[in-house]
Amino acid sequence: MDYLQGKIVRGKDIFSRAFTNYLRDIIHSQYLRSVGHIIENLIIIEIEKSELKRCVLLKVSGRIDSATAPRLQEAINEIANEGKYKLVLDVSSLEFISSGGLWVLVNAQKKCKRFNRGEVVLAQVPKRIHDTLDLAGFIPYFKIFEDSTAAVGSF
Amino acid sequence: MTTSIFKGNYSNLEYIREFFASAAKLAGLDDESVYDIQMAVDEAASNIIDHAYKGEDLGNIECSYHVTPEELIISLKDFGEPFDPEDVESPDLESDVCCRKPRGLGLHFMKSLMDSVAFSFNGHGGNVLTIIKKKPALKNK
């Protein structure tokens with residue numbers, strides 16, 4: 001019980017969906033069901049990185065707002081610090097992005113495109129996220145692909 | 001009028017969005033309008049933290065809503081520094097990625113997604129942002 005409570009207290013950390021799914025699978029008692037519900041509500045953003053041959057694939061799930069945008073910024077900075085500027089952002093499970101989040105994407109694009117060393121492309125953009133990008137006038141800034149395979153293949 | 005007071009920090013943006021999403025569903029708005037409202041109030045609350053209080057945990061955000069037969073009226077009240085929305089440049093939606101500057105996008109979102117956005121300032125007596133979303137059947141009148 002203390003172990004589980006420790007996990008709940010770190011509500012602002014990134015939890016893996018695998019952990020949540022695992023926990024849900026083992027939930028039987030009423031207590032564990034309520035704990036699982038609390039943990040599910042605390043997962044706000046999840047970032048999964050895959051280093052591929054010609055680019056880095058970053059799957060960003062959940063919600064990007066002023067609270068979570070810095071996490072995405074950190075993840076992108078880490079990749080850039082390794083000298084990698086070819087980035088695919090899989091946003092298929094992105095539910096929400098605020099203007100603060102959009103600026104993380106645009107700043108990433110500015111950095112990656114500098115000296116023609118690379119770029120950020122988007123894969124599987126949900127309609128609402130596409131509409132938000134459009135409202136901000138950001139659609140021209142990004143190549144958008146229907147799926148991650150095509151996006152990765154473009155590099 | 002239903003009111004909930006939130007501490008002005010980024011972690012509460014999620015709860016402020018949920019609070020007003022519930023209001024929108026209560027008002028009978030469709031899913032797209034509910035999402036638009038979440039976007040607008042997120043921008044509004046973020047602006048309050050960034051510009052009115054100039055930091056997190058420096059003041060509260062009083063969130064209220066009122067449903068009428070025609071519309072959902074939302075207000076966010078803070079006790080920080082007022083700002084003049086006329087001073088905020090409209091974002092340049094046409095320029096190249098290299099030249100885009102981050103000012104003005106939040107306000108642009110609010111004005112585009114909502115039917116009306118109005119500010120009233122009373123400095124430390126309270127600044128109120130009022131946002132209205134009309135119910136769909138009446139929009140085409």
Side-chain angles (χ1 to χ4, degrees), chain A residues 9-13 38 40-45 62-73 94-116 118-122 126-143, chain B residues 6-18 20-21 30-51 53-57 61 88-114:
Chain A
V9 162
R10 292 204 309 272
K12 289 178 192 175
D13 290 347
I38 290 165
E40 192 174 65
N41 284 339
L42 291 174
I43 295 178
I44 300 177
I45 190 173
R63 301 179 281 288
I64 307 175
D65 60 11
S66 296
T68 56
R71 303 296 177 114
L72 179 59
Q73 185 71 72
L94 188 62
E95 296 160 17
F96 177 92
I97 184 164
S98 67
S99 63
L102 290 176
W103 282 112
V104 171
L105 297 190
V106 165
N107 288 334
Q109 187 67 300
K110 286 182 185 182
K111 189 179 242 184
C112 288
K113 281 197 157 182
R114 209 168 287 150
F115 315 121
N116 277 326
E119 68 177 310
V120 177
V121 305
L122 304 178
K127 184 186 181 299
R128 280 179 179 162
I129 304 298
H130 193 280
D131 289 348
T132 304
L133 285 162
D134 199 21
L135 189 59
F138 284 4
I139 294 288
Y141 302 159
F142 297 94
K143 283 185 192 146
Chain B
F6 297 89
K7 275 192 176 170
N9 62 53
Y10 295 140
S11 302
N12 277 338
L13 291 174
E14 174 86 356
Y15 303 111
I16 291 172
R17 292 197 298 267
E18 280 303 310
F20 286 119
D30 60 26
D31 286 351
E32 198 175 313
S33 299
V34 171
Y35 188 81
D36 289 349
I37 281 164
Q38 289 185 296
M39 293 237 27
V41 300
D42 184 277
E43 299 298 338
S46 300
N47 280 350
I48 288 172
I49 295 167
D50 294 341
H51 304 300
Y53 292 128
K54 298 191 183 0
E56 292 185 87
D57 295 314
I61 305 175
V88 181
E89 286 170 33
S90 292
D92 178 0
L93 300 175
E94 307 287 315
S95 71
D96 262 351
V97 66
C98 59
C99 312
R100 280 294 293 271
K101 295 191 179 112
R103 295 299 308 278
L105 207 50
L107 204 53
H108 167 66
F109 275 17
M110 280 191 263
K111 289 181 180 173
S112 304
L113 298 170
M114 299 290 107

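Throughout, protein chains are lettered first and strands after them, A, B, ... in sequence-line order, and every chain is numbered starting at 1.
Between B/Leu13 and A/Phe96, the closest side-chain pair of non-hydrogen atoms is not below 4.5 Å. Side-chain contact check for B/Leu113 versus A/Leu135: some heavy-atom pair is nearer than 4.5 Å.
Atom CG in A/Asp134 sits 11.0 Å away from atom OG in B/Ser112 (nearest 0.5 Å). Between the CZ atom of A/Arg128 and the CE atom of B/Met39 there is a distance of 11.0 Å, given to the nearest 0.5 Å.
No hydrogens or angles considered: a donor-acceptor pair under 3.5 Å links the side chains of B/Glu43 and A/Ser99.
Heavy-atom minimum distance, A/Ala67 versus B/Ser11: CB-N, 4.2 Å.
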- What do the steps show when you test B/Tyr35 against A/Asp131 for side chain to side chain contact (heavy atoms under 4.5 Å, CB included), and what is the final call? CA-CA 11 Å; B/Tyr35 188 81; A/Asp131 289 348; over 6 Å; no

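For a residue to count as touching a neighbouring chain, one of its non-hydrogen atoms must lie under 4.5 Å from one of that chain's; by this rule B/Glu56 does not touch chain A. When heavy atoms are compared at a cutoff of 4.5 Å, B/Asp31 approaches chain A by way of both its backbone and its side chain. With a 4.5 Å cut-off on non-hydrogen atoms, A/Leu102 touches chain B through its side chain but not through its backbone. With a 4.5 Å cut-off on non-hydrogen atoms, A/Thr68 does not touch chain B at all.
Environment of NZ in B/Lys7: sparse, with no more than 12 heavy atoms of neighbouring residues, nucleotides or ligands closer than 6.0 Å.
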